[in-house]
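For clarity, every value in this text was computed on a predicted model and none was experimentally measured.
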Amino acid sequence: MKGLIIKNLTHWCDRWSADLAAHLHILDASYDVLIFDERHSEEEILAHLQDAPTELYHLIEVVPAPEDCCDLMADSGLCYRRVP
């Protein structure tokens, strides 16, 4: 599944997050991370970010992980690990 890391919250526009939420299934989130359902491809996610400068975010591959292998923790308390 894909994770979107927002690298610069100061310049991030809420409408980009709103557009993603309106069109894609977001499994989990925190203030600077969105975790998408695995059915959404990188191309599909990026299509909704056409107006967002690429230096403001980073799209990565993630998998659910136990707390001792956690790279990202969402507000739900679930952990995710980056896949190299």
Side-chain angles (χ1 to χ4, degrees):
M1 65 186 76
K2 301 291 183 205
L4 179 79
I5 299 173
I6 301 169
K7 299 191 307 188
N8 187 328
L9 288 169
T10 302
H11 293 99
W12 185 257
C13 292
D14 289 339
R15 68 180 166 82
W16 297 326
S17 295
D19 183 61
L20 289 166
H23 295 98
L24 304 175
H25 186 245
I26 297 173
L27 293 177
D28 218 338
S30 71
Y31 69 97
D32 64 347
V33 174
L34 300 173
I35 305 294
F36 297 95
D37 187 281
E38 62 188 32
R39 68 181 170 219
H40 298 301
S41 68
E42 182 172 342
E43 293 77 21
E44 185 178 8
I45 296 165
L46 292 175
H48 291 280
L49 293 171
Q50 290 180 10
D51 295 339
T54 57
E55 64 269 8
L56 297 183
Y57 66 87
H58 185 62
L59 197 60
I60 60 171
E61 187 73 26
V62 296
V63 294
E67 210 169 299
D68 62 337
C69 297
C70 190
D71 291 326
L72 305 166
M73 183 177 281
D75 289 345
S76 67
L78 295 176
C79 289
Y80 298 89
R81 180 176 50 84
R82 291 177 182 218
V83 176

Say whether L78 and I60 are linked into one hydrophobic cluster, either directly or through other cluster members, by side-chain heavy-atom distances under 4.5 angstrom.
yes

If every non-hydrogen atom of M1 is compared with every non-hydrogen atom of P64, which pair is closest and at what distance?
CE-CD, 3.7 Å

So among I26, V62, L27, which one has a side chain to side chain contact (heavy atoms under 4.5 Å, CB included) with F36?
I26

Is L59 linked to L9 within one hydrophobic cluster, defined over Ile, Leu, Val, Met, Phe, Trp and Tyr using a side-chain heavy-atom separation of less than 4.5 Å?
yes

Not counting sequence neighbours, which residues clear side-chain hydrogen bond (donor to acceptor under 3.5 Å, both in side chains) with E61? List them please.
K2

Say you draw a straight line from CD1 of I6 to CG of L56; how long is it, rounded to the nearest 0.5 Å?
9.0 Å

Tell me whether the count of non-hydrogen atoms from other residues, nucleotides or ligands lying under 6.0 Å of CD in E44 goes above 12.
yes

Quick test of your reading: applying ring pair (Phe, Tyr, Trp, His ring centres under 6.0 Å), list the pairs with at least one residue in residues 39-84, sequence neighbours left out, ordered by first then second residue.
H23-H48

Path from L20 to L46 over hydrophobic side-chain contacts below 4.5 Å
yes

What residues form a salt bridge (Lys or Arg N to Asp or Glu O under 4.0 Å) with R15, not counting sequence neighbours?
D51

Would the distance check show the side chain of D71 and the main-chain N or O of R82 forming a donor-acceptor pair, the cut-off being under 3.5 Å?
yes

Taking atom CD1 of I45 and atom CG of L24, what is their separation to the nearest 0.5 Å?
6.5 Å

Nearest heavy-atom pair of S30 and A74: which atoms, and what distance?
CB-CA, 4.2 Å

Could you list the residues that satisfy salt bridge (Lys or Arg N to Asp or Glu O under 4.0 Å) with D19, not counting sequence neighbours?
none

For E55, give me all partners under side chain to side chain contact (heavy atoms under 4.5 Å, CB included), at least two apart in sequence or on another chain.
P53

For a quick test of reading the model, state the closest non-hydrogen atom pair linking W12 to L49 and the distance between them.
CH2-CD2, 3.7 Å

ILVMFWY clustering at 4.5 Å (side-chain atoms), partners of M73:
none

Shortest non-hydrogen separation from G3 to I35 and the atoms involved
CA-CD1, 4.1 Å

